[in-house]
Amino acid sequence: MPVHNEEIARTFDEIADLLSLRDENPFRIRAYLRAAQTIRGQQRELADRVKAGEDLDALPGIGADLAGKIAEIVTTGRCQALEKLRKQVPAGLAELLRIPGLGPKRVRALSSGLKVRSRRDLERAIASGTLAKVSGFGPRMREKLAQELKLTPQQPARWLRSVAAQFAEPLAAYLRAVTGVDEVVIAGSYRRGRDTVGDIDILVSAEDAPAVAAALRRYDEIASWSAEGTKRITVVLRSGLQVDVRITEASAFGAALHYFTGSKAHNIHVRRLAQERKLKINEYGVFRGERRIAGDTEESVFGSVDLPLIPAEMREDQGEIELARDGKLPVLVTRADLRGDLHAHTDASDGQESLKSMALAARAAGLAYLAITDHSQHLGVVHGLDENRLRRQMDAIDRLNGELKGITLLKGIEVDILESGDLALPDAVLAELDIVVAAIHGHFDLSERRQTSRVLKALEHRAVSILAHPGARLIGARRPIALDFERILKAAEARPCFVELNSQPERLDLDDAQSRLARECGALVSVASDAHSGAQFGYLAGGIVQARRGWLTARDIVNTRPLGELRRLLRATIR
DNA sequence: GCCGTTTTCGGCCCGACTGTTTTCAGTCG
């Protein structure tokens, strides 16, 4: 069983936790955390790179020592440094670090003073009153901890970006309407386009901060206030979503927006560049000594360290700063680049609208072509098409194409990949279609070896044009299937066929790292809505955000091509 | 533990807010 990057990252996270509990050098701790982030952002498995003899210490934040530990972890499955630390720190303390308000210092005080080493110990210490004896735990802190102990078990849930948007966008709109407010931007991981967000950061540009706070107080969706300063206010909405509102003056808006957008690792890197230039960057601007030299726009902040504006979706300190420095930033795809959509359903299978209704909705969404790809018969739950019904739909598409202006329908199918890797419809009927989208809808839990060979076998079918939602994940509900993505993407590039980036908000599959890997492997990507109703063409915008996080340009995406070129590319997949 | 167009040693982003404390440490983002 190969060790995955996530496991290496977790090992380093745990080492960082344990080091912090031992009050070790904070920079050493940060080095482990930074390395964990770097590892999570790697699209290729480090285990493979170690096996290939690659130099991992070229990765940012990874030097000879950590490269050695990575090699140890992937070859032995163990990490001696971690095992040693585990013996030195009482078990359970790391768990206490997860409780908001408790950091390494307080956890150490709890452990050494009261032998509190678990959540249960802490509950007892609060109930019995012994906690009051420990310095640093006054009445407010004890009350806060009692509350957190009740809440934190179900806390770590992240929100789908699209769900968070339903609460965040109305609040942003409300704040925009407040008198004296110049500008409101939802920043943070939301602006960077993460598929899920932990909380929402809203940046407000206004001269009169107290007036904004007063207006926020009148917003009727707020359940509680957890922090209130003159510049930053934290509230929890009735939905349970936490929102940080940060108020800034217009002259510092760019610096504040850059700071509040993050990511933290990206900000630290940019600030380090500033230091090298004898500058200081904070959320109020860029300073040389006392003098403020930039900060009204994000461009001016980047410009102060000789960088062009880096798109928010790239700001993860995964190499984007180096690319920007070298003038090699990709021109990321935009929604306006999309000319068509290659995956959609009608009421012939599990969609909600007729063929014609979907065609008109696609046209209204600015698309010039749309592939109709209802499910194949095998997927019983969705009334899939058999050969006869598929042929009737193909006739209906021909008629509609004769009738409609401004939109061309392509004849397609979303055919099941069976457990064996065979397809659920015979090759003969598939060959009559313009486009065949192949997808996994069952047998999710095969081993990586079997799952990979299953998909590779499906891709060998000459009819297959696109591998749909390749990871088959449902965010928060179903883990991605175990696949050797690099092999799949290289096979797709070689055949050639395309890989889908499915835009359904709970799928967003390919994910960001896989999208980058697809680009690196040269596999063309189809950003597809998988729409089951006309309104769902709106999901394409979210798919594009994910594609931008994957550094994709319009050239990397097959459905940015005009219909003629698309048809040529599709024909190349069939031969 | 990492890193270098000042450095292979000596730095390492920067500020807001809270609670507990009397001027600041801890936590958080």
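Chain A is the first sequence line, chain B the second, and so forth, proteins listed ahead of strands; every chain is numbered from 1.
Regarding contacts with the backbone of B:dG11, every side-chain N or O of A:Gln275 stays at 4.0 angstrom or more from both OP1 and OP2. In this structure, A:Asn267 does not reach the B:dC13 phosphate: none of its side-chain N or O atoms is under 4.0 Å from OP1 or OP2.
Using the six-membered ring where Trp is involved, A:Tyr174 and A:Tyr219 have ring planes that are tilted, between 30° and 60° apart.
Residues from residues 73-96 of chain A that place a heavy atom under 4.0 Å from any atom of DNA chain B: there are none. For DNA chain B, the neighbouring residues in residues 28-39 of chain A, judged by any heavy atom under 4.0 Å, are A:Arg28, A:Arg30, A:Ala31, A:Tyr32.
Applying the side chain to side chain donor-acceptor pair (under 3.5 Å) rule to pairs touching residues 53-64 of chain A yields A:Arg49-A:Glu54, sequence neighbours excluded.
Here A:Ala209 pairs with A:Ile247 under the side-chain contact (heavy atoms from CB on, under 4.5 Å) rule; sequence neighbours left out. With sequence neighbours left out, A:Ala250 forms a side-chain contact (heavy atoms from CB on, under 4.5 Å) with A:Asp182, A:Ser205, A:Glu207.
Atom name P, nucleotides B:dG11 and B:dA16: the rounded distance is 25 Å, in whole Å. Straight-line distance between the C1' atoms of B:dC2 and B:dT8: roughly 12 Å, to the nearest whole Å.
Residues A:Pro60 and A:Phe27 both approach DNA chain B. Their nearest nucleotides, taken by heavy-atom distance, put A:Pro60 toward the 5′ side.
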Going 5' to 3' through nucleotides 16-29 of chain B and flagging B where a protein heavy-atom sits under 4.0 Å of the base, S where only the sugar-phosphate is that close, and - otherwise, we get SSSSS-----SSSB
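Here A:Lys69 lies in heavy-atom contact (under 4.0 Å) with sugar-phosphate atoms only.
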